Amino acid sequence: MKKMKKISYILASLLVLFMSSCDDLGVKITDRFAEDKVWNDEKLIVAALANLYDGLELEHNSSYFEMWDVHNVSLTTTCDEGSGAYQAGPLGTSDIVTAYFDAEWFGKWKATYEKVYACNMFIKKLEESSLDENLKPAYLAEARFLRAFQYFTLVKRYGGVPLITAPQEYNSIADLAVLQVPRDKEQVIWQFIVDELSASVADLPAKRLPLYRSRITRYGAYALQSRAALYAGSIAKYGTLQLDGNICGVVATEADKFFAIAATAADSVINSGKYALYEKYADKSENYRNLFIEKGNNGEYIFWKEFSVPDKAHSWDLLNVPFSFVQNGYGCGQTPTLDLIQAYENIDGTRGTLNIKDNAGNLIKYDSPLDLFKDKDPRLKGSFYLPYDACRGKIVEIRRGIYDESKAGALRFVSSTNPKATYGIGASMMTILGKDGVWDTGDVGKTGFYTKKFSDETVTTIAYNQSSAPWPVFRLAEIYLNKSEAAFELNKSDEALNALNMVRARAGIRSLNVGELTMDRIRNERRVELAYENHRHWDLKRWRTATTVMANFETDALYPWYVWADGKFVFTTAKAPKPNKVFLERNYYVRITDADMGSNPRLGQNNPGY
Amino acid sequence: MGVLFLFITSGSHVYAKSTGLLGILASNDIGQNAKNVTLRGTVLDESGKPVAGATVIEAGTKGQNGTASDGDGKFSISLSPESSISIKCIGYEPKNVDVNGKNDIAITLKEESTSLNEVVLVGYGVQKKATLTGSVASIKGETLSKIGQPSLKANMLGSVPGIRFQQTNGEPGDDGGTFDIRGFGNPLTIIDGIERPFSQIDPNEIESISILKDASASVYGFRGANGVLIIQTKQGANAKPKISYSYNYGLQAPVKNLQMMDAYSYAYYRNEALLNGGGIAQYSNEELEKYRTGSDPVNYPSTDWYAETVRKAAPKQQHNLNISGGSDQLKYFFSFGYLNQEGILKSTQNFDRYNFRSNITAKMSERLSAEVGLGGRMENRKYPYYLGDQGVALFTAIKSNAPNQSVYANNNPDYYNNSDNNQLNPVAMLDRNLTGHKDRRDLEFNSQIALTYKIMKGLSAKALVAFDFTNVTKSNFKREVNLFSYNNITQKYDKIVKVAVGQMYQQDTLNYRTTQQYSLNYAKSFNEKHNFSVLALMELKEANNGGMSAIKTYSVTTGIDELSKGDPNGVIAEGNSDQYKYIGYVGRLNYDYAGKYLLEASFRYDGSYKTSPLHRWGFFPAVSGGWRASEEEFIKDALPNLTNLKFRASWGKIGDDAGLDASQFMSGWKYPIGSYILGGASDGSTTITKGLSKANLANPGIFWYKVQTTNLGVDASMWNNKLTLEFDYFYRKTTGKFAKRLTSIPTSFGSEMPFENLNSDDNRGFELSLGTVQKVGEVRFQIKGNVAYSRAKSLYKEQAAPANQYLNYRNNTVNRFSNTTWGYVYTGQFQSYEEIYNSPIQDGKGNSTLRPGDLKYQDINGDGSITDLDQKVVGKGSFPDVNYGLSLNTSWKGLDLNVLFQGACNYTQTLNAVKSPFRGPGEGNGFQVWEDRWHKADYTDLNSEWIAGNFPSLRIDGNENNGRTSSYWMTNAYYVRLKSIELGYTLPKSLLEKTGIGNVRVYANAYNPLTVTNVKYTDPEAVEGWMSFYYPQLKVFSFGINITL
């Protein structure tokens, strides 16, 4: 009897456990918000916006870090501005065309369309939401700006692309045909960008509170319009229509229209009174340099990307610090070519070729290496570490060797391949090479200069993700230069000159008079003022001059020599051990990858030459 | 009896071998009879060890008069002097002995080698091997402890077919590397009936392991699709306490040492490489001379970074103490183990492991019994900060640091030299006090309680509840590091900041799991021919995972490694949690007719939390059958030497949800995805806003993928098990594997796609084992060999239609075996410039970059240039198709010798690390093997003749042409390893008699002492990709002692 009782206890408890465990299998989902939680909550709407901003390809200074590891690639090192220290050189065999311009890493097709989808979805969800109707227009305008920026990213790479302005739907593979959108003409895309921005400016605020200072404003939208229209105008004027249906290129007769839009949009920014060229330091070099380091709103930046160590930082200092200042590898990532150094004019407005020899062809001796540059545009010293420049309380010691006049001919130039090799004995003994170069192997800079622009000497940990200098997307100086170039294209020389001289005056070099104004000078001004800001690559493309400039571009270097007898310095120039840069006609447009082409049979042809 | 035994123990707990059976029998002692004598005896095995738990029954009493041997093998029984006794013990051949009036008797039992009565663990129960219909392999615990490696995975390798493991490195405490059954992916591991992590369990705790390789795993439902490892820990016995202690001390050394250039070779070959590339020499002849002679060790040092950082040998030791015993009512097993393994680096690198286990079974009444199992372990890993990544950072640094750099600046040990612009000085890297540490503690706690109630004859109910947790704590402390460079001119040590700010990362994760199992077992025989057994079981598994981590920066020079001692700013804190939940209902029917015709049918109705509420439940059936031909009279007559012949077949269907998130059936918005700074305070400070992003499209139809496995097998043995054979063929097809439509949807669509059930593949292979047990005179030996083959093929892959035939050929993987390597076909080295100029263009530059000795490739499409289009399949994958093992166990008197060979073939080993002569970028060192290269007789003389060598000529950054993936760098590899060899000696009883010690065995063991392979320069198991940039595999020489009281 007792046992029977036990049995029933056990059976009963088993039954209870069976039953109790038949509850549902649902678990708490922690990786997402349900759809209905989001679109009435302004905080979450701003979070969605943050994601859209984060998805912008702002091409900031170390955004190509992944490729950096392999080829030292950035937009700077792939044009005539700079050269990487460890960029495969003649000692290696890396082919620069395949490594850079034809390479798939540079394409942003899929990644950008993901952001386009995100913008389209944002717009759709916000329009459908029950959020206060008064709050909607500003958010919608902001999302349209962001979407226009995404199309700018696409069109400047690929020319014509599929124009998708609402989130596509997919329920099953039967929907596939609808998703296969063909490419639109390049011209249509440029027009779309310009029109979207025109439609957005009214609803965008003219000014933002500090908490939202790096979100787009009305004038940021104008700034993009000015740049996009300038690009479209140049392509219309200098490019050709290509592919079936003129998918690439802009009809030539549209050039003036786009230049006019560029000029007008630039005027809207300039005349807004909200921005001023940065002039906080009396020393022009210091002033120019600090422009790129100051955090917060510096008054000149119109739209910029901010950083914060360590969670949202970049690695500019790690990648670019001069050789002997390296702590954790890298460094010397982008060193300016001698070509760029000499593109900086002298203060008096004359050409900036360095005076290393006198008229008789003899080397000129300088007391200090810096004396060679003392008449140069102050922006040069603001942008680059020159030989024997100060850096972090030390000297950037760039020396190719010793110039010993007691010897004959070529033997006077005593160099070495070993950084430890010394010259002389006793108290006068010194290393032949400077601690920061220049020798031909390894990671040391090869051109005789290092990068100062955006380099923040207050950063003490020179490591990955330790830098936070903001990145200018649009700043007033560019808008002046856009205005100058557009006006000049429209034959409005006076307007072009005024805008150009604003930039020159702030830089500290002589203003030009109308007789001196040429397209070359405007373009050169753009080259030096915006150096290392990732404009040059795109400018050379839209002007269709990249094939000429980089027909077989040699990276030249400046070699300082210590004069053994008197401690002065002489200089020579030479070709740096770097591969020549070759830009082919086809590289004006980026190749669409096989994966992208294969995913949509209606894309038609790949870009010309591929 | 066998069936009854089976039913009592089917559940998760198995009373292995003798215990359960004995429990019942031993209590059957009947009262003494006056005419009886008392017989005392000892039961020994052939090596003279006592056999505990052997049943001793007086003949003719139908089991009514019987007893069992105790821990010393001793028994006493009162019986009629004319009768005889029968002695039985599982694992031994039964024996009958006539009493003949003796009072004292010594009985030697012969071990059954592949005993058909052997009991094998299967899903939720045990089965006799004889009537088993699935493909199940089993390994005994003692086999595992003989290999003696810290990781159980390593100990399992080679002894049975179908277990595959590639040991990719030898870092202490690392048990990573590919481990699977038949190439199916991650197997489910069950310890004492419950899903648990297994790799660090002490082999001394293990009674046996079963590996379910076919549909026999179907009863486990989800997670069982890749096969199941079932581990059973040891239990107590009805015997007086048996105390065993074992100790092992070993010395470990790398299997292969790195051979880098010394400073002179380095400088010389760099010069040569520079000149070969059209550059200028870096070192003058005077400098070379100084490196060669070592005349100026301060300024022209030569450092062997490998020797500076790697020890010749590192110790390892292991202790285990266990006690088992019990009575009829209560049986116990306690075990405590300790392992300490030092790293082979000159640093504090340590792996400590403490294991304990306690298994207690209690029989409260004839009907009710309980089992309590507790197991736990603590693993402590102490690494210097730059280790713990399988050695990649350190071994990369060893190669990146040039040998002409010194360890210490100006050879002053107070100042570590800044020997490399990029990497840290390897010696400094290992200095825990300088660079910090990466420590980790793992706690694993397992507990379970089970109640079994015998409801009536043949029917029992069991409830099992288990609670486990895993806790992992990581403490990574990166210290601020300054290195020095000595300035000869100023005679000062210049400080170079390598790590300017320290950082502490601490992570704590907790994982709680509960499992409940409720089951009913029923067994019945009709007419002694029809044998049925039925299992009904419900299982509920739940887990809660959670973790927190925090990072703080440390700007104080000598930070204290506690989170609270870091900087107030720069704090990152993270925390996450998730859950899982499974419910399954299992039913199984076993039927056999006279042990001749065998049938098993089972199902599991299983629910997973991962799929949408509409598709939560799946039904997974399995069926298997067998025919024991050897039981047929006509076969017995025809083939009298045939001991056993069984044909087996099984088929099963199972689902797997591995790799699926629990949220694929819904969309929504993910947070946080990315972040952006939208602004900040007016002082210029910033505020980070985290991003919100549309999640993947929803796929409400998502369900697990389906796996169907078919297995055909034969088991045979002849001449009373002197020859045994097992053969299995399997075919497995997987459909509905998870994939996202990535390439068939236009990339301009832009939305994240959900997982869909899209792809399928299959897998086939075979396994063969052959074994023999022989006794020649006093020498007993057992040889077992096995070979296994497995290969997977893709059947369907979601992809865009290829744009052209070539792309189809190149990229369409459908209907192809998956383990292949593409590359160029190497046809020889260029012998002269003339040959270079007359050959197809290989470098895209008119062959101008090529030199004699460079690698020449086949122009497959004959277009005059070597491009991507000239690639084809040139090798197998990096994991072997064929794995084999051979074990040999032999004993002679007190001596025993155990040898295990293990090997593999049919795979491709690619020598990636050797592809470039120097470790680039920068000034990295080169490999000594490159000395055998094409070079000019005099490197300074452009016109001197070329001298042939194995490698192409040196180029400072390597050479793109030579570095291409080609058959030159690949080996169709094989290897055979002497995995373990152990020689033991058991002390004679006569020596120990007075000490009270039961048994003493001493042994010497060598692990991995010998490898035969065609893979050059690197270990044959090194992972393709980083080759020698990792912690090398180890060989171990050890000595040990086992003592049983």
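Below, chain A is the first sequence line, B the second, and so on; all start at residue 1. Everything numeric in this text was worked out from a predicted model, so none of it was measured.
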Rounded to the nearest 0.5 Å, how far does [atom2] of [Y] lie from [atom1] of [X]?
X: A:Asn418; Y: B:Asn404; atom1: CG; atom2: CG; answer: 8.0 Å
X: A:Ser599; Y: B:Arg741; atom1: OG; atom2: CZ; answer: 13.5 Å
X: A:Ile29; Y: B:Gln664; atom1: CD1; atom2: CD; answer: 10.0 Å
X: A:Thr431; Y: B:Asn487; atom1: OG1; atom2: CG; answer: 7.5 Å
X: A:Thr417; Y: B:Glu287; atom1: OG1; atom2: CD; answer: 6.5 Å

Most heavy-atom pairs under 4.5 angstrom with chain A, which of [options]?
options: B:Thr743, B:Asp661, B:Asn811; result: B:Thr743
options: B:Ser682, B:Ser663, B:Ala500, B:Gly691; result: B:Ser663
options: B:Leu807, B:Thr686, B:Val481; result: B:Thr686
options: B:Ser848, B:Ser693, B:Gly701, B:Gly674; result: B:Ser693
options: B:Tyr671, B:Tyr580, B:Tyr283; result: B:Tyr671
options: B:Gln423, B:Met753, B:Lys610; result: B:Met753

Check each atom of [X] against the heavy atoms of chain A and say whether the ones under 4.5 Å are side chain, backbone, both or neither.
X: B:Thr553; value: neither
X: B:Ile496; value: side chain
X: B:Ala662; value: both
X: B:Glu752; value: neither
X: B:Leu451; value: neither
X: B:Thr490; value: neither
X: B:Glu542; value: neither
X: B:Val499; value: both
X: B:Ile745; value: both
X: B:Ala273; value: neither

Can you tell me if [X] uses its side chain to pair, donor with acceptor, with the backbone of [Y] under 3.5 Å?
X: B:Thr687; Y: A:Leu211; answer: no
X: A:Glu35; Y: B:Ser667; answer: no
X: A:Ser214; Y: B:Leu678; answer: yes
X: A:Lys312; Y: B:Ser675; answer: yes
X: A:Arg32; Y: B:Met666; answer: yes

Proximal component of [X], with respect to chain B [non-hydrogen, under 4.5 Å]:
X: A:Phe323; answer: both
X: A:Trp304; answer: backbone
X: A:Ser308; answer: both
X: A:Val326; answer: both
X: A:Glu169; answer: backbone

**Mutual orientation of the aromatic rings belonging to B:Phe749 and A:Tyr117 [parallel < 30°, tilted 30-60°, perpendicular > 60°]** = perpendicular
Between [X] and [Y], which heavy-atom pair has the shortest distance, and what is it?
X: B:Asn488; Y: A:Met429; result: O-CE, 4.4 Å
X: A:Ile164; Y: B:Ser748; result: CD1-O, 3.6 Å
X: A:Asn600; Y: B:Pro746; result: CB-CB, 3.9 Å
X: A:Ala47; Y: B:Lys690; result: CB-O, 3.3 Å
X: A:Asn51; Y: B:Leu692; result: CB-O, 3.3 Å
X: A:Met430; Y: B:Ile489; result: CA-CD1, 3.3 Å

Output the option from [options] having the highest count of non-hydrogen pairs under 4.5 Å with chain B.
options: A:Ser324, A:Ala48, A:Ser416, A:Gly296; answer: A:Ala48
options: A:Glu306, A:Lys125, A:Arg208, A:Lys435; answer: A:Glu306
options: A:Lys295, A:Lys305, A:Lys28; answer: A:Lys305
options: A:Leu179, A:Asp175, A:Asn297, A:Leu603; answer: A:Leu179
options: A:Arg213, A:Arg215, A:Lys110; answer: A:Arg213
options: A:Gly55, A:Ala34, A:Ala595, A:Gly26; answer: A:Gly26

Would you indicate whether the side-chain heavy atoms of [Y] and [X] approach each other to under 4.5 Å?
X: A:Phe122; Y: B:Lys694; answer: no
X: B:Asp578; Y: A:Val27; answer: no
X: A:Lys37; Y: B:Trp669; answer: no

